[in-house]
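Nothing fancy with the numbering, it's 1 onward along the sequence.
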Amino acid sequence: MITHHPSLLRPPILTRRVGVLGRRPTLHSLLSATVASARPSTPPLRLRPVRAAASRVGGDGGKGAAPPRALGAALLDFASSNFLPLALVSGVILGLLDPNLGCLAHKYSLSKYSTFGIFVISGLTLRTKELGAALEAWPAGLYGLASILLFTPFLAQFIMQLQLFPREFITGLAMFCCMPTTLSSGVTLTQLVGGNSALALAITVVSNLLGIIFVPLCLAMYIGAGAGVSLPTEQLFRSLVTRLLIPLIIGKVAREASKGIADFVDGNRQGFSVASAVLLSLVPWIQVSRSRSLILSVQVKAFAAAVAIGVLLHLALLAFNATMLQILSRLEQKGVSVFAKKEYARAVILVASQKTLPVLVAVVDQLGGAFGESGFLVIPGVAAHINQIIIDSIIVNWWRKRDQQFTIAN
């Protein structure tokens with residue numbers, strides 16, 4: 001028997017069939033019904049929202065589908081914020097688990113096409129004002145070239161003093177110090193973080209062209225102790241033109257020729273950044289697939305030591321370049337120094353702290369075993385190349401998050 005006045009009960013409450021369930025109304029339900037009756041009149045609740053609400057509330061008192069959705073959103077946000085390092089790590093893992101596909105990709109020169117695609121995207125996203133800004137930042141460009149071609153090769157003689165077996169690991173890392181900057185990853189990461197990609201591209205091209213002269217001199221001075229070393233000059237120059245300059249010009253011409261293309265690219269910069277990251281991740285995937293047998297043949301302790309040395313070397317280069325830019329920015333008294341501008345500083349730090357793997361492979365091939373087993377010379381370079389991209393991608397993500405927080409705060 002119901003002891004409460006029917007006017008205290010809203011129609012949705014009556015649909016619960018309290019009498020059939022044989023339960024007495026609780027104090028909570030009575031108070032809720034009383035408060036509801038005191039509110040302004042509202043349209044009666046329909047049965048459909050009641051069922052929807054009941055489906056969301058599980059038997060655990062409301063702890064139903066919400067946490068999985070929150071967890072899924074958090075995972076998607078993490079993957080979106082850290083897409084580049086996740087793609088690189090996935091490429092490394094895939095190359096170690098099954099090298100067949102990566103070796104097939106190398107057979108058909110997929111890495112060359114991926115680099116071509118990266119610089120086509122660079123040309124499409126390159127704004128004309130960035131070119132003018134890069135010319136204004138010529139002091140920062142000169143510093144970047146000096147760091148790449150003079151300072152970092154000087155570290156090779158200190159690395160050669162380290163003791164590690166096989167000896168080729170140390171020699172390979174010292175040779176890696178003498179290389180110019182990366183052909184694509186430095187420019188790609190600069191784009192992702194909002195740095196001046198034109199400045200990064202100029203440093204990349206000029207350092208690799210001057211590397212034709214500087215690399216043999218540095219190898220002979222710091223490693224070979226006078227041994228004659230020659231570089232495939234014509235092949236390297238042709239590679240720079242076909243894999244960097246031509247695709248960049250194609251992308252830039254397409255952007256300037258059609259306003260529709262330019263608007264589409266500017267409106268989908270995030271998508272083009274993801275495409276560049278995917279193309280960049282193909283490089284470590286192919287390199288690890290090719291070197292898998294050699295990597296697995298060495299002792300874990302020796303390989304881990306070589307990887308650790310490579311990580312420390314790259315962190316030292318990042319710290320050195322960042323510190324030097326801070327010092328140079330304070331030396332200029334008039335106006336805002338080009339070294340202090342974020343878009344220039346980030347481009348120089350990223351590009352000047354990286355070393356390229358393809359030039360190292362070309363040099364090792366030309367040496368013909370003069371510095372040791374070719375495969376063991378390349379292994380630490382492969383590891384260092386992958387490590388520097390992963391480390392820099394983490395730094396880039398940190399910079400981007402900090403910029404977003406600063407934008408929201410203002």
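A distance of 8.5 Å separates OG in Ser337 from CG in Leu331, rounded to the nearest 0.5 Å. Taken from CG in Leu173 to CD1 in Ile309, the straight-line distance is 6.0 Å, to the nearest 0.5 Å. Between atom NE2 of residue His314 and atom OG of residue Ser353 there is a gap of 6.0 Å, rounded to the nearest 0.5 Å. Here the straight-line distance linking atom CG of Leu150 with atom SG of Cys218 works out to 7.5 Å at 0.5 Å rounding. Rounded to the nearest 0.5 Å, atoms CZ (Phe176) and CD (Gln388) are 4.5 Å apart. Distance check: Ile389 CD1 to Leu350 CG gives 11.5 Å after rounding to the nearest 0.5 Å.
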Residue pair Met160, Arg167: steps toward the side chain to side chain contact (heavy atoms under 4.5 Å, CB included) verdict: CA-CA 9 Å; Met160 289 296 293; Arg167 184 63 185 172; 4.2 Å; yes
Full working for side chain to side chain contact (heavy atoms under 4.5 Å, CB included) between Arg269 and Phe272: CA-CA 5 Å; Arg269 282 186 169 266; Phe272 281 95; 5.7 Å; no
Yes or no on side chain to side chain contact (heavy atoms under 4.5 Å, CB included) for Phe169 and Val298, after CA distance, side-chain angles and deciding distance? CA-CA 11 Å; Phe169 279 7; Val298 301; 3.7 Å; yes
Under the criterion ring pair (Phe, Tyr, Trp, His ring centres under 6.0 Å), I'd like the reasoning laid out for Phe339 against Tyr344: C-alpha separation, chi angles, the key distance, then a yes or no. CA-CA 7 Å; Phe339 299 103; Tyr344 301 146; 9.4 Å; no
Run the ring pair (Phe, Tyr, Trp, His ring centres under 6.0 Å) test on Phe154 and Phe158 for me, step by step, so that the C-alpha distance in whole Å, both residues' side-chain angles and the decisive distance to 0.1 Å come before the verdict. CA-CA 8 Å; Phe154 182 74; Phe158 298 102; 5.5 Å; yes
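For the pair Asn321/Val348, no side-chain contact is recorded, criterion being any heavy-atom separation below 4.5 Å from C-beta on. Proximity of Phe116 to Ile250: side-chain heavy atoms (C-beta onward) are separated by under 4.5 Å at one or more points. Two residues are said to be in side-chain contact when any heavy atoms from C-beta on lie closer than 4.5 Å; Thr190 and Leu199 fail this criterion. Ile349 has its side chain within reach of Leu325: a pair of non-hydrogen atoms, C-beta onward, lies under 4.5 Å apart. Residues Cys177 and Leu313 meet the side-chain proximity criterion, which asks for heavy atoms closer than 4.5 Å. Side-chain contact between Ile391 and Val311: present, with at least one pair of heavy atoms (C-beta onward) separated by less than 4.5 Å. Trp285 has its side chain within reach of Leu110: a pair of non-hydrogen atoms, C-beta onward, lies under 4.5 Å apart. Put simply, the side chain of Ile249 does not reach to within 4.5 Å of the side chain of Ile246, judged on heavy atoms.
Using a cutoff of 4.0 Å between basic side-chain nitrogens and carboxylate oxygens, Arg346 and Asp403 are scored as salt-bridged. In summary, Arg255 and Asp266 engage in a salt bridge, as defined by a charged side-chain N under 4.0 Å from a carboxylate O.
Judged purely by distance below 3.5 Å, without hydrogens or angles, the side chains of Gln191 and Thr125 pair a donor atom with an acceptor atom. With no hydrogens or angles considered, a side-chain donor-acceptor pair links Lys355 and Thr152 at under 3.5 Å.
Shortest non-hydrogen contact noted between Gln354 and Ser185 is OE1-OG, 2.8 Å. Across Ile395 and Leu318, no two heavy atoms sit closer than the pair CD1-CD1, 3.5 Å. Of all the heavy atoms in Thr182 and His385, the pair that sits closest is CG2-CE1, 4.0 Å. In this structure, Cys178 and Ala156 approach most closely via the heavy-atom pair SG-CB, 4.0 Å. Taking every heavy atom of both residues into account, Phe151 and Leu317 meet most closely at CE2-CD2, 4.1 Å. For the residue pair Leu164 and Ala305, the shortest heavy atom distance occurs at CD1-CB, 3.9 Å.
At least one donor-acceptor pair closer than 3.5 Å links the side chain of Ser393 to the backbone N or O of Ile390. Asn268 places no side-chain N or O within donor-acceptor distance of the main-chain N or O of Gly271, the cut-off being under 3.5 Å. At distances below 3.5 Å, at least one donor-acceptor pair connects side-chain atoms of Ser329 with backbone N or O atoms of Gln326.
The 12-atom threshold is not exceeded at OH of Tyr113, counting heavy atoms of other residues, nucleotides or ligands nearer than 6.0 Å.
A cation-pi contact, defined as under 6.0 Å to the ring centre and within 45° of the axis, is absent between Arg400 and Trp398.
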